Amino acid sequence: MGCYTWAPRRRCLCLQYIFKLQTLSPSASFRFIHNFVYDSSNFVSNQRLSELSKDGRVDEARKLFDHMPYRDTYTWNIMISAYANSRNMVEARKLFDETPTKNSITWSSLVSGYCRNGCEVEGLRLFSQMWSEGQKPSQYTLGSVLRACSTLGLLHSGKMIHGYVTKIQLEANIFVATGLVDMYSKCKCLLEAEFLFVSLSDRKNYVLSTAMLTGYAQNGESLKAMQCFKEMRIQKMESNHFTFPSILTACTAISAYSFGQQVHGCIILSGFGANVYVQSALVDMYAKCGDLNSARMLLNIMEIDDVVCWNSMIVGCVAHGHMEEALVLFHKMHNRDTVIDDFTYPSVLKSLGTCRDLKNGESVHSLIMKTGFDACKTVSNALVDMYAKQGNLNCALEVFNKISDKDVISWTSLVTGYVHNGFHEKALKLFCDMRIAGVDLDQFVIACVFSACAELTIIEFGRQVHGNFIKSSVGSLLSAENSLITMYAKCGCLEDATRVFDSMGTRNVISWTAIIVGYAQNGRGKDSLRFYDRMIIDGVKPDPVTFIGLLFACSHAGLVETGRSYFESMEKVYGIKPGSDHYACMIDLLGRAGKLNEAEELLNRMDVEPDATVWKSLLSACRVHGNLELGERAGKNLIKLEPLNSLPYVLLSNMFSVAGRWEDATHIRNSMKRMGINKEPGYSWIEMKSQVHSFISEDRSHPLAAEIYSKIDEMMILIKEAGYVPVMNFALHDMDEEAKERSLTYHSEKLAVAFGLLAVPNGAPIRIFKNLRVCGDCHSAMKYISSVFKRHVILRDLNCFHHFKEGKCSCGDFW
DNA sequence: CTTTCGCTAT
């Protein structure tokens, strides 16, 4: 008790009592003197109790507490908070219940204790009990319960507290206001948070600003977070170990590398560089931005092994394709007994899935089972994803079935797995099961379902999911909207694709590329290029895929020079090195325009090895222009690269037939047979009222076959009258002319269009899909059909869309 | 004696 720091206060108390005594009667004076002595001895003990509590010496504090002859409310409060601070809520509660006279601080101490120690629900329960016992909450209590609402995401309760805060005019209190801003941010009500923040204009401090900054960072508003950080620095506000991790998260989210580096500079100057939260955020920022060296360095100089840093490092390696290093890091963690947590496994599993490492996949799976992490849903979800990525859908399903409370991510992992492995129908069935199970949608599963619909071109189902998507309040829209554009475009519904595109709030390069490719595929090459101009004006930089779309558009619109200049601008203006697929597009472009020599020249100049697509383009061009010599070279190379692909055999034999070289044609077909290669049978289908009607050549299996065949006969008579002449080149077999014409007449496209004329209501477009490229004769017939029957026929083939209207095709006869 | 803000996973 050697320290008398309390002396001035005691003197103050004395004066207060003397002053009081002068005004009191003798008996009252006695009571006061008694109380004074009592109070001051208590005061000494309370002081000591508080010191012990502050030092975290709870047991000693309790000993003193037990020996104190008199205890006032202050005494009880100190002891209760001592327990709360040492996370011993059981003892804190016991003392609270025994406290004879509770004041507002007694309640606040226990409420805050619960809220800080992970017992938010208990904290809120006590808060309402406090309320019903007539004890009014203070700014302290309100701060604590707002934090609990944030943690639990209780928007409704948070709003009620906000109402009370307004009523008692505590809105301008910085602690309460910060709690409110945080609560609204965590409940994803960024506008409310922002409104409160702005209305506190001159009362902002760095904690409040940090809360707002964090709100921006966690709700995908990285730019606003960065603006907020700049504002803080302009106002000379300090930043702390809460501010830095949040601003770094914002930088990481949009890969704002140089801003992140500047923040790193601020951190070094601020002295917060040794904080683990700050360090892990830095490692994460560097790793995600691709500066793995800086991330590695930070990780190496850290004094303690922090699991978050290791996790971030692994994620960074996975994201930048260093799969082996990710695995090495994981092994290191395992060997040096660094904690491995439920964040580590998903990252490692992702890398094992991406590089299809089956062996290590299984060992990590066993490790997960051994350590009991299979009970953790995020880990199990990642296992489903890994097996699905490895193409092992049985294992994926097995893990999936064992998850007791499947969430949207569990379902999404499996659904995307089926989509990526080409099982689109199965994926859609699973999606339906998910809806039946009552699981809410998110943007990932929606995006995935849209691309499955795009692949299957089943627009009716896709439209229904679009309806679901609009009704559901899915947070981030971009990826879902992007795949929606592709879905509509791939189904030939360009108006719908455009409507989605126009309605989008924000667009990224993928959105623009989707609409560019969509217009290009639907034969609207020039409009496609107009979108590109708008995109550049909007300040969005094209990526390699954008150029595929542009070159495709030029190729199908016959815009050779435009295409050439895009191709040149790729590397010159945007620093994008043309890949094999870009060369393929260019060769296609030149080839279609009949510039086969130039196409060959370009091929010889390629600085990457030509892949199958390049040879395919050249071969197709050679077929169109009847260049057998070059065609043979292309075909041979293609066969070398894709020995099981029937395309070169079919095209070459077709070219020989056209040239009248029947023997060569037969030779090719025989070697195809010898190799056991079958031509994929061509079929066409129409989707109607959620039913798919599919047809193969000379097919009579459809229930309406009789009607369809007589419709075809009628059709052929009418279009011949209009000037149609069968294009015999496309009848491959060396049969007599009459048989050739017959086989042409009952091609699957013609069966489908006849069915469409019968079954699709007048005025609605007839949408036909074909698994191969449309045959030249059918293409010509469709043009006549569209004018004779005054119908809009949309035919999607393997390569692009053909919109037949009034005797013309949108592809301009290039395909 | 009681109050506000932070990193990693599909």
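Protein chains get the first letters and strands the later ones, always in sequence-line order, with residue 1 at the start of each. From a predicted model like this one, the values you see are computed outputs, not experimental measurements.
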From the set [options], return the single nucleotide nearest to any side-chain atom of [X].
{"X": "Ser246(A)", "options": "dG6(B), dT2(B), dA9(B)", "value": "dG6(B)"}
{"X": "Lys186(A)", "options": "dG6(B), dC7(B), dT8(B)", "value": "dG6(B)"}
{"X": "Phe242(A)", "options": "dT8(B), dT4(B), dG6(B)", "value": "dG6(B)"}
{"X": "Tyr140(A)", "options": "dT2(B), dT10(B), dC7(B)", "value": "dT2(B)"}
{"X": "Ser138(A)", "options": "dT2(B), dT8(B), dC5(B)", "value": "dT2(B)"}
{"X": "Thr214(A)", "options": "dC5(B), dT10(B), dT4(B)", "value": "dC5(B)"}
{"X": "Ser50(A)", "options": "dT10(B), dC1(B), dT2(B)", "value": "dC1(B)"}
{"X": "Thr210(A)", "options": "dT2(B), dA9(B), dC5(B)", "value": "dC5(B)"}
{"X": "Val308(A)", "options": "dT4(B), dT8(B), dC1(B)", "value": "dT8(B)"}
{"X": "Phe343(A)", "options": "dC5(B), dC1(B), dA9(B)", "value": "dA9(B)"}

Problem set entry | Aromatic ring pairing His241(A)/Phe272(A), orientation class (parallel under 30°, perpendicular over 60°, tilted between) | parallel
Exercise. Ring-on-base stacking between Phe175(A) and dT4(B), under 5.5 Å between centres and under 30° between planes: is it there?
Worked result: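 Phe175(A) ring does not meet the centre or angle cut-off for dT4(B); no stack.
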Exercise. So, Tyr277(A) and dC7(B): ring centres less than 5.5 Å apart, planes less than 30° off, yes or no?
Worked result: no
Looking across every strand, which nucleic acid part, if any, lies under 4.0 Å from [X] by heavy atom: base, sugar-phosphate, or nothing?
{"X": "Thr378(A)", "answer": "base"}
{"X": "Thr249(A)", "answer": "sugar-phosphate"}
{"X": "Val315(A)", "answer": "sugar-phosphate"}
{"X": "Asn275(A)", "answer": "base"}
{"X": "Leu49(A)", "answer": "nothing"}
{"X": "Lys288(A)", "answer": "sugar-phosphate"}
{"X": "Asp385(A)", "answer": "sugar-phosphate"}

Examine [N]: is either OP1 or OP2 under 4.0 Å from a nitrogen or oxygen in the side chain of [X]? Give yes or no.
{"X": "Gln218(A)", "N": "dG6(B)", "value": "yes"}
{"X": "Arg116(A)", "N": "dT2(B)", "value": "no"}
{"X": "Lys350(A)", "N": "dT8(B)", "value": "no"}
{"X": "Gln443(A)", "N": "dT10(B)", "value": "no"}
{"X": "Lys389(A)", "N": "dT10(B)", "value": "no"}
{"X": "Ser112(A)", "N": "dT3(B)", "value": "yes"}
{"X": "Arg147(A)", "N": "dT3(B)", "value": "no"}

For this session: Can you tell me the distance, in whole Å, between the CD1 atom of Ile368(A) and the C1' atom of dA9(B)?
Result: 12 Å
Exercise. Just checking, is any N or O donor in the side chain of Thr210(A) or Thr243(A) under 3.5 Å from an acceptor N or O on the other one?
Worked result: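 Side chains of Thr210(A) and Thr243(A): pair found under 3.5 Å.
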Problem set entry | Pairs meeting criterion salt bridge (charged side-chain N to carboxylate O under 4.0 Å, His left out) with involvement of residues 165-176 of chain A, two or more places apart | none
Throw together a table of side-chain donor-acceptor distances under 3.5 angstrom for residues 278-287 of chain A, partners on residues two or more places apart or in other chains.
unit_1    : atom_1 : unit_2    : atom_2 : d
Gln279(A) : NE2    : Gly273(A) : O      : 3.2
Ser280(A) : OG     : Val276(A) : O      : 3.0
Ser280(A) : OG     : Tyr277(A) : O      : 3.1
Asp284(A) : OD1    : Lys288(A) : NZ     : 3.0
Asp284(A) : OD1    : Ser312(A) : OG     : 3.3
Asp284(A) : OD2    : Lys288(A) : NZ     : 3.2
Tyr286(A) : OH     : His264(A) : ND1    : 2.8

For this session: Give a yes/no verdict on a cation-pi contact between Lys332(A) and Trp310(A), requiring under 6.0 Å between NZ or CZ and the six-membered ring centre and an angle within 45° of the axis.
Result: no
Exercise. Does CD belonging to Glu98(A) count more than 12 external heavy atoms closer than 6.0 Å?
Worked result: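 It does: Glu98(A) CD has more than 12 such atoms within range.
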